[in-house]
Amino acid sequence: MPYIVTTARNWAGRIGRFTLTVDQGRADALVSFCRQGVRKTGPTTFAWEARDYVPDSDLRVLLVSNDPAFLGDR
């Protein structure tokens, strides 16, 4: 699931403090997003923080699970 941050640049200058929190939903699911400095903040949550952030690419998060219902597939 992408989150577009590069083309929606309607703020003035850098983002002073940016925090991305990702919840993988359940402990047996896998989550991946390519950022350095990601911290695990809870059993299913991860956070990435940046200061004076200027997006250089859109944010993409990959969720993987063996349970099709978890991902919305039927």
Side-chain angles (χ1 to χ4, degrees):
M1 68 185 88
Y3 183 76
I4 299 170
V5 291
T6 54
T7 57
R9 292 178 127 171
N10 48 356
W11 56 83
R14 300 172 181 268
I15 301 171
R17 182 172 179 195
F18 180 87
T19 302
L20 172 68
T21 301
V22 175
D23 188 334
Q24 70 191 49
R26 50 196 263 186
D28 63 343
L30 299 175
V31 64
S32 176
F33 54 105
C34 297
R35 295 290 166 178
Q36 292 183 349
V38 174
R39 298 178 296 111
K40 186 167 185 167
T41 56
T44 62
T45 55
F46 298 84
W48 176 71
E49 296 178 354
R51 293 203 180 271
D52 296 324
Y53 179 58
V54 176
D56 56 356
S57 62
D58 294 334
L59 301 171
R60 297 183 183 276
V61 178
L62 173 68
L63 289 171
V64 179
S65 174
N66 286 332
D67 182 358
F70 171 69
L71 298 175
D73 295 340
R74 298 197 167 100

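Note that the numbering runs from 1 along the sequence shown for the chain.
- The side-chain contact (heavy atoms from CB on, under 4.5 Å) test with F33 is passed by exactly one of L59, L63, L62, L20: L20.
- Separating the OG atom in S65 from the CG atom in L30 is a distance of 8.0 Å, to the nearest 0.5 Å.
- With contacts defined as side-chain heavy-atom distances shorter than 4.5 Å, the pair F46/T21 does not qualify.
- Between Y53 and R14 there is no side-chain heavy-atom pair separated by less than 4.5 Å.
- Side chain of W48 to main chain of G37: no donor-acceptor pair is present (N/O by atom type, distance under 3.5 Å, no hydrogens or angles).
- To the nearest 0.5 Å, the span separating CD on Q24 from NZ on K40 amounts to 6.0 Å.
- At a cut-off of 3.5 Å, with distance as the only test, a side-chain donor of T44 or D23 sits close to an acceptor on the other residue.
- The residues D67 and R26 are annotated as salt-bridged, a charged nitrogen and a carboxylate oxygen being separated by less than 4.0 angstrom.
- R17 contributes atom CZ, which lies 13.0 Å from atom CD1 of I15 (distance to the nearest 0.5 angstrom).
- Within a 6.0 Å sphere centred on CG of N66, heavy atoms belonging to other residues, nucleotides or ligands number 12 at most.
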